[in-house]
S.K.: 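Take this structure, written in structure tokens, and hold onto it; I'll ask about it next.
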There are 2 protein chains.
Amino acid sequence: MTATPTPRVTIKDVAARAGVSKGAVSLAFNHKPGLSEATRDRIFRAARELGWAPNLTARTLAGSRVDVVGLAICRPARLLGLEPFYMEFISGVESVLTEHSCSLLLRLVRTVEEETGLQESWWRGRQIGGSILVDFRADDPRVAMAERLGMPVVAVGHPSLTGGLTSVWTDDTTAVTEAVRYLAALGHRRIARVGGAAALGHTSIRTAAFDEAAGAVGLAGAWQVATDFSGDAGARATRSLLTASAPDRPTAIVYDNDIMAVAGLSVAAEMGLSVPGDVSLLAWDDSQLCRLTHPTLSAMSHDVHGFGAEVARTLFGVIMGGGAGAHPVPTPVLTPRGSTAPPR
Amino acid sequence: MTATPTPRVTIKDVAARAGVSKGAVSLAFNHKPGLSEATRDRIFRAARELGWAPNLTARTLAGSRVDVVGLAICRPARLLGLEPFYMEFISGVESVLTEHSCSLLLRLVRTVEEETGLQESWWRGRQIGGSILVDFRADDPRVAMAERLGMPVVAVGHPSLTGGLTSVWTDDTTAVTEAVRYLAALGHRRIARVGGAAALGHTSIRTAAFDEAAGAVGLAGAWQVATDFSGDAGARATRSLLTASAPDRPTAIVYDNDIMAVAGLSVAAEMGLSVPGDVSLLAWDDSQLCRLTHPTLSAMSHDVHGFGAEVARTLFGVIMGGGAGAHPVPTPVLTPRGSTAPPR
DNA sequence: GATACGGACTTTACCGGTTAAGAAAACGTT
DNA sequence: AACGTTTTCTTAACCGGTAAAGTCCGTATC
């Protein structure tokens with residue numbers, strides 16, 4: 001990219017107009033002591049008249065402050081578009097960043113390796129003051145990267161996945177257990193779970209929790225399928241689960257996100273099965289989408305916006321040199337709606 | 001945000017290790033002539049050994065290049081989370097930015113005023129090399145802003161809204177006309193449209209086009225409702241349209257996005273009306289969601305990812321000092337699925 | 001009345017690169 | 001051998017801020 005011919009106003013112009021030195025202008029704009037009210041006013045007036053605002057690039061270079069945080073998301077673009085989760089998460093993050101006049105540098109990447117490279121170059125290039133790491137997997141290379149670089153990060157994921165990094169996490173184990181117990185309490189004895197991408201750490205955690213819970217409540221049948229989070233995959237998985245003959249067919253299905261649950265609902269309809277009569281469906285994340293279907297979808301709800309906000313707050317804590325440790329956010333709670341009922 | 005104690009490697013360290021001056025390292029890394037192959041190799045080797053990469057902040061300050069583009073989206077966070085459109089759009093933009101090792105600076109804002117302020121400070125602060133402006137409204141202040149600042153931007157919207165700015169736009173008028181003609185051809189005589197936010201320019205354009213088309217094909221009834229794009233609003237609008245008694249009730253409804261169409265589908269089901277038997281529904285944008293419902297949703301489909309990519313390409317053109325004018329992208333095409341049929 | 005002190009600024013040296021101008025060595029020419 | 005040309009590299013001045021150290025001045029202290 002080449003320059004544009006805009007006549008840039010610099011701190012020098014403001015200083016000249018206010019009849020002071022650059023340093024004085026800098027003091028004024030950083031609200032530091034050492035200036036009289038009168039001078040301060042003159043400086044601000046001059047700046048306003050010239051339409052000047054500090055050049056953040058120069059400020060970053062000179063000082064030690066960087067008011068941008070990074071976020072790289074590693075999922076196929078096709079799927080991201082549909083995941084209400086991320087936009088809500090981002091909007092939560094933004095809500096806190098904005099209070100600190102901080103911006104979000106976003107990038108979609110294809111692989112974890114690409115992400116580590118990107119994060120490293122962002123950090124080395126002082127593009128960011130810290131970063132949010134999401135979608136952890138087992139032995140995630142980003143743990144070592146962040147530690148090696150001494151980069152302030154907050155890891156979104158269970159502490160068992162995020163090593164020594166400061167983390168923000170939801171208790172998926174408890175949530176999965178609650179979901180299974182709820183369905184079992186309704187009388188379901190054969191429950192399936194349509195999970196997310198097998199490579200992701202939280203998927204393994206939920207998978208293990210589901211097995212555990214299924215055993216604990218003594219289910220007669222428990223199935224689990226891994227998908228890529230897409231609606232298509234959710235539909236395929238549901239179809240194959242529901243085509244089984246009656247005794248082998250689950251009477252309830254839990255999904256790892258709401259898109260797949262919507263797809264499941266449609267598959268049931270297409271197969272002539274009634275929801276919740278023939279099969280109960282339980283979604284996860286609970287975006288607005290769950291209230292737009294017919295029947296409405298019961299879901300494990302999550303304050304995704306608040307989650308994002310908490311992540312951002314934690315990141316600021318880390319950047320300021322504190323706030324280490326694992327920060328739990330409230331466990332998703334069951335929100336029963338029209339898609340779950342006792343089996344017929 | 002305060003600094004972290006990472007020992008940063010700078011160009012000076014690389015120069016020292018390679019036994020040359022800073023300038024030589026700079027020349028090597030910018031692939032400029034004036035260095036022997038041998039020296040170049042030594043420099044690159046030294047850089048590799050030290051794990052050095054040029055500091056983008058310093059590079060930006062010194063040179064005239066900024067490899068970040070801005071995007072501010074002005075819709076309530078709650079709605080954004082659900083709009084598949086934006087994430088897909090962003091992923092399209094990113095796909096092109098990545099090729100140019102360029103990043104996206106994203107911010108959610110509440111008002112256009114807030115956006116103009118933000119864009120201006122981004123530009124003045126040299127945070128961005130250019131910007132993508134979306135969601136234009138009548139007499140949009142951003143047109144004047146971009147011109148005043150001489151900031152390279154590409155406006156996403158119809159040329160009638162974007163003034164003299166370089167724009168990328170879809171022909172909504174033709175698309176709306178096609179939608180109405182299609183429904184009329186199926187035999188529908190009473191068609192309603194559940195539109196988006198009235199303040200947005202493209203909504204007015206579609207509203208006008210709908211009226212026009214309704215007149216041209218001689219409909220017996222044509223209704224239009226403005227919403228905020230949310231599923232809830234779509235549901236409310238649909239409910240009120242469908243509660244009318246038979247002669248006054250539309251037999252087909254066109255929605256301005258797919259979320260509202262999904263909501264409409266559910267309202268029809270809840271009211272005991274069959275789709276497409278009693279009422280046909282036609283969605284807009286056509287994300288994956290339209291294929292996940294039952295019946296599947298007919299839609300005016302759009303290559304949103306490609307749209308985003310085209311916008312990014314156009315922005316690069318503008319930044320390079322060319323590419324002005326209005327760039328049309330293909331008109332949405334009708335994709336008939338299960339939710340549209342002749343009226344009973 | 002000399003000394004100390006604190007407030008209000010200014011000076012100056014960076015931050016980590018780029019780039020124009022300058023200098024030294026290598027080369028070809030007559 | 002003397003002289004212009006390149007080629008290769010160095011120097012030094014920016015870019016637009018920040019921040020530590022320095023200057024100047026009015027006032028309180030003994």
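Within every chain, numbering begins at 1; the chains are lettered A, B, ... in the order of the sequence lines, protein sequences first and strands thereafter.
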S.K.: Could you give the CG-to-P distance, from Asp13(B) to dG16(C), as a whole number of Å?
M.R.: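 Roughly 9 Å, once rounded to whole Å.
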S.K.: Could you tell me from which nucleotide to which nucleotide of DNA chain D, 5' to 3', there is an atom under 4.0 Å from chain A heavy atoms?
M.R.: dG16(D) to dA19(D)
S.K.: Would you indicate what Ser21(B) reaches in the nucleic acid, counting non-hydrogen atoms under 4.0 angstrom: base, sugar-phosphate, or nothing?
M.R.: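 Base, at least one base heavy atom under 4.0 Å.
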S.K.: Measure the acute angle between the ring planes of Phe85(A) and Phe89(A), then classify it against the limits of 30° and 60° as parallel, tilted or perpendicular.
M.R.: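 Aromatic pair Phe85(A)/Phe89(A) classed parallel.
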S.K.: Between Arg42(B) and Ile11(A), name the one whose nearest nucleotide on DNA chain D is closer to the 5' end.
M.R.: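 Closest to the 5' end, via its nearest nucleotide, is Arg42(B).
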S.K.: Phe29(B) CZ to dG16(C) C1': how many Å, rounded?
M.R.: 14 Å
S.K.: Backbone N or O of Gly70(B) within a donor-acceptor pair of the Arg107(B) side chain at under 3.5 Å?
M.R.: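 Judged by distance alone, no pair lies under 3.5 Å.
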S.K.: Calculate, to the nearest 0.5 Å, the distance between atoms CD1 and CD belonging to Ile128(A) and Gln119(A) respectively.
M.R.: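 One gets 5.0 Å once the value is rounded to the nearest 0.5 Å.
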S.K.: Can you tell me the distance, in whole Å, between the CG atom of Leu35(A) and the C1' atom of dG6(C)?
M.R.: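 Going from CG in Leu35(A) over to C1' in dG6(C) covers 15 Å.
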S.K.: According to a strict under-4.0 Å criterion, is Thr10(B) in side-chain N/O contact with OP1 or OP2 of dC15(C)?
M.R.: no
S.K.: Identify, residue by residue, the members of residues 53-61 of chain B with a heavy atom below 4.0 Å from DNA chain D, and return them in order of residue number, or none.
M.R.: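 Output list: Leu61(B).
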S.K.: Below 30° counts as parallel, above 60° as perpendicular, anything between as tilted: where do the rings of Phe29(B) and Phe44(B) land?
M.R.: tilted
S.K.: Under the salt bridge (charged side-chain N to carboxylate O under 4.0 Å, His left out) test, which residues partner Glu310(B), sequence neighbours left out?
M.R.: Arg313(B)
S.K.: How about Ser91(A) and His305(A): does a side-chain donor come under 3.5 Å of a side-chain acceptor?
M.R.: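 Side chains of Ser91(A) and His305(A): pair found under 3.5 Å.
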S.K.: Could you tell me whether Glu120(A) and Arg148(A) have a side-chain N and a carboxylate O separated by less than 4.0 Å?
M.R.: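 Yes.
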S.K.: Nearest 0.5 Å please: distance from the CD1 atom of Ile11(B) over to the NZ atom of Lys22(B).
M.R.: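 Answer for the CD1-NZ pair, Ile11(B) versus Lys22(B), is 7.0 Å.
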S.K.: Dump every N/O contact between nucleotides 19-27 of chain C and the protein below 3.5 Å, one line per pair.
M.R.:
residue : atom : partner  : partner atom : Å
dT19(C) : OP2  : Lys32(B) : NZ           : 2.6

S.K.: Among side-chain atoms of Thr57(A) and Thr60(A), is any donor-acceptor pair under 3.5 angstrom?
M.R.: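 No, no side-chain donor-acceptor contact under 3.5 Å.
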S.K.: Partners of His158(A) by ring-ring contact (aromatic ring centres under 6.0 Å, His included), sequence neighbours excluded?
M.R.: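 Result, ring-ring contact (aromatic ring centres under 6.0 Å, His included) vs His158(A): Trp169(A).
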S.K.: Using the salt bridge (charged side-chain N to carboxylate O under 4.0 Å, His left out) criterion, which residues pair with Arg59(A)? Sequence neighbours excluded.
M.R.: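 Checked Arg59(A) against salt bridge (charged side-chain N to carboxylate O under 4.0 Å, His left out); zero matches.
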S.K.: Would you mind classifying the nucleic acid contact of Val20(A) as base, sugar-phosphate or nothing, using non-hydrogen atoms under 4.0 angstrom?
M.R.: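 Sugar-phosphate contact only - Val20(A) comes under 4.0 Å of backbone atoms but never of a base.
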